[in-house]
Amino acid sequence: MSGKSASDYAAWKTLEQLYASDKARLVLKDLFASDPQRFAKFSREYTDSTDPKNTFLLDFSKNLIDDKVFAALLALVKEAGVESARDAMFAGEHINTSEDRAVLHIALRDPQHHFSLSEDGTGDVPAVLAHIKDFTDKVRSGAWTGYTGKRITTVVNIGIGGSDLGPVMVTEALKPYSQRNLDCRFISNIDGTHLAETVRDADPETTLFIIASKTFTTQETITNATSARDWFLGHAKDKAHVAKHFVALSTNTKAVTAFGIAEENMFQFWDWVGGRYSLWSAIGLSIALAIGYENFAELLAGAHAMDRHFTTTPLENNLPVILATMGIWYNDFYGAQTHVLLPYDQYLHKFADYFQQGDMESNGKFITKQGKRVDYQTGPIIWGAAGTNGQHSFYQLLHQGTKLVPADFIAPATSHNPIGGSLHHRILLSNYFAQPEALAFGKSEEQVRAEVGANASEALVKSKVFEGNRPSNSILLPKITPRSLGSLIAMYEHKIFVQGVVWGINSFDQMGVELGKVLAKNILAQLGAPADVKGHDSSTTGLIHYYQKIRVE
Ligand SMILES: O=P(O)(O)OC[C@H]1O[C@@](O)(CO)[C@@H](O)[C@@H]1O
């Protein structure tokens, strides 16, 4: 890490100059017309070095770049010291400086110890994986039964943030690989509705609860876990039965055993696993239960292969680096505020939700590692939805809005559900190909006039013009499998890492989530009567008083 402010880098100033001097020239219609080789020049194929079948394409040619801009972006990555920062992360250095922790989610998916690591706990990863395999094999085979001897049919993961979003996204994405007689459910919100609706039709005799919490102190999770245990004991009566229906995933053994879960029913991970990077750890237990340990191991292997790509591939061919630089170009020079993720795959419908935490909790920061306030934009707002649904929701803004929204289109060439002889998939893919084309090249006024005829009003003609020149990346995989999904997720993790290094921020703490928690705890104690409400502004006071007036106990 250079320790300099990003805007002080020579490459940053070059990019500012290029933006000022070349923006008007960076028009995709012209850039493609002038270079028939543009697609070849600005697309890269990723191949898993440990499984050549795991390969996919990144086409970044529909970005507002040329050779000069791309070179300057790569120079920025180099000048910011991304390569040495990357090597420091993979060496287990405590790059999470505010918490004095290593950042080693890569160790969770490196069972062969390709990256030689000495950080406490990294040597225990294989043992935890073995525990996960043993347990999930038993539950899925029926060998592990509930207190009345029945096999487990329902798994309820209780967790929030990184202890929920990763398992949710991956179990949805890999549903084709799941054992359909094991219903995996998730409770995250403290809103009693989430628990009530999740257990409404569950049978306590055949339900397994997973209490997933790195700290085992998160108020929502511990409250939900306690209420779930009360629900269970309301039926099972004997506390001894908890042992067959509750397991814990945490770094905090003391708190787990204090809750009443035996240590042998705890799956451990470590403080060098960030919550939003933890699906590869014991937090992935619900994933392994859903898809089986072998497929979970494939997920890990795919991520490890991307780790190998990230650590060995030159910057100009390095997929996480390319995605990171494209994002920086729009975020810091074009003034884009958001980035949209558009997976054309219904199984990936939670992909954007997952990276809302992954990206925004990592890079939504305004202070650098040196304690300086940035004078440039850092983390973008991440959002998105599965295609083609988004087209019938927000694509109007993408095509004709006043905001620049860089987009990532993601699709598998082959569906798990070739309905109608794959007619459905061909229609889905035709949209996956068409939308970036429309965004990039639009529809000119003369094309509109030719369509609507001479009698059309000027207003109508103008309203039908698509200015185009709206950038996107296209990622095309053969199929969404455990291994390809592992590589895809890891690619985005490392993109986030590269951007954080360029911006000089700590991508691995989350100070910003603490204030709200403290204020909420203070207010919780004041919700009884109006006289209890003290020390707030008139709005907060007024709102609480109004609630106290209208609530029905
Ligand atoms: O896993 P746990 O310790 O219960 O934390 C849950 C989530 O809460 C946070 O907001 C941190 O407080 C996320 O970073 C984290 O993933």
Side-chain angles (χ1 to χ4, degrees), residues 95-105 108 121 128 132 156-171 186-191 194-195 209-229 246-259 261 266-287 350-365 379 382 489 492-493 496-497 500 505-522 524:
I95 64 169
N96 176 358
T97 44
S98 65
E99 296 176 312
D100 187 18
R101 289 175 177 171
V103 173
L104 282 172
H105 41 285
L108 298 167
V128 173
I132 291 171
V156 179
N157 185 86
I158 298 178
I160 197 165
S163 297
D164 166 73
L165 290 166
V168 166
M169 186 269 287
V170 174
T171 52
F186 296 88
I187 299 172
S188 48
N189 202 331
I190 186 58
D191 179 344
H194 212 176
L195 187 144
F209 289 96
I210 300 174
I211 315 305
S213 178
K214 177 177 178 180
T215 57
F216 225 80
T217 60
T218 302
Q219 184 185 31
E220 296 96 327
T221 299
I222 303 309
T223 307
N224 274 324
T226 304
S227 299
R229 187 180 56 193
F246 283 77
V247 297
L249 320 175
S250 188
T251 61
N252 189 342
T253 306
K254 186 164 175 285
V256 166
T257 48
F259 179 82
I261 294 176
M266 175 182 163
F267 298 79
Q268 187 194 14
F269 57 112
W270 304 272
D271 69 8
W272 38 261
V273 181
R276 52 192 175 273
Y277 297 94
S278 63
L279 73 84
W280 321 100
S281 74
I283 291 292
L285 185 69
S286 55
I287 300 170
K350 288 291 188 181
F351 192 77
D353 286 18
Y354 175 68
F355 277 107
Q356 284 199 318
Q357 183 193 17
D359 201 312
M360 293 161 76
E361 194 169 85
S362 294
N363 289 343
K365 289 155 189 175
I382 301 295
I489 296 168
Y492 276 95
E493 285 180 342
I496 293 162
F497 169 79
I505 57 181
N506 180 354
S507 298
F508 301 101
D509 62 8
Q510 50 284 325
M511 305 301 184
V513 304
E514 294 310 320
L515 177 59
K517 291 181 189 177
V518 171
L519 296 181
K521 277 209 166 124
N522 177 36
L524 179 62

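Just follow the structure's listing: the first ligand is 1, and inside any ligand the first atom is 1. These numbers come from a predicted model, not from an experiment.
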**Item:** Flag: protein heavy atom within less than 4.0 Å of atom 8 (O) of ligand 1
**Value:**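 Given the 4.0 Å limit, the answer for atom 8 (O) of ligand 1 is no, no protein heavy atom qualifies.
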**Message:** For Thr215, which part has a heavy atom under 4.0 Å from ligand 1: side chain, backbone, both, or neither?
**Reply:** both
For [atom], find the nearest protein heavy atom and state the residue, atom name and distance (0.1 Å precision).
atom	result
atom 6 (C) of ligand 1	Ile160 O, 3.3 Å
atom 5 (O) of ligand 1	Thr218 OG1, 3.4 Å
atom 16 (O) of ligand 1	Gly162 N, 2.8 Å
atom 1 (O) of ligand 1	Ser163 OG, 2.6 Å

**Request:** Applying side chain to side chain contact (heavy atoms under 4.5 Å, CB included) between Ile158 and each of Ile211, Thr226, Leu249, Ile222, report the one that passes.
**Result:** Ile211
**Prompt:** Could you walk me through whether Phe267 and Ile210 pass the side-chain contact (heavy atoms from CB on, under 4.5 Å) check?
**Reply:** CA-CA 10 Å; Phe267 298 79; Ile210 300 174; over 6 Å; no
**Message:** Suppose we call two aromatic rings close when their centres sit under 6.0 Å apart. Are Tyr492 and Tyr354 close by that rule?
**Reply:**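 Distance test on ring centres: not under 6.0 Å, no.
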Quick check: does [X] get an N/O under 3.5 Å from an N/O on ligand 1?
X	answer
Gly161	no
Glu361	yes
Arg276	no

Decide yes or no for [X] and [Y]: does some side-chain heavy atom of the first lie under 4.5 Å from some side-chain heavy atom of the second?
X	Y	value
Asn224	Ile160	no
Thr253	Phe216	no
Val103	Arg101	no

**Asked** Measuring from Met360:CE to Gln510:CD, what's the distance to the nearest 0.5 Å?
**Response**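 Rounded to the nearest 0.5 Å, the CE-CD separation comes to 14.5 Å.
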**Point-to-point distance, once rounded to the nearest 0.5 Å, from CZ of Arg229 to CD1 of Ile261** = 8.0 Å
**Message:** With a 4.0 Å cut-off on heavy atoms, is Lys517 in contact with ligand 1?
**Reply:** yes
**Prompt:** Which ligand 1 atoms does Gln357 reach within 4.0 Å, using its non-hydrogen atoms?
**Reply:**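 The atoms of ligand 1 under 4.0 Å from a heavy atom of Gln357 are 13 (C), 14 (O), 15 (C), 16 (O).
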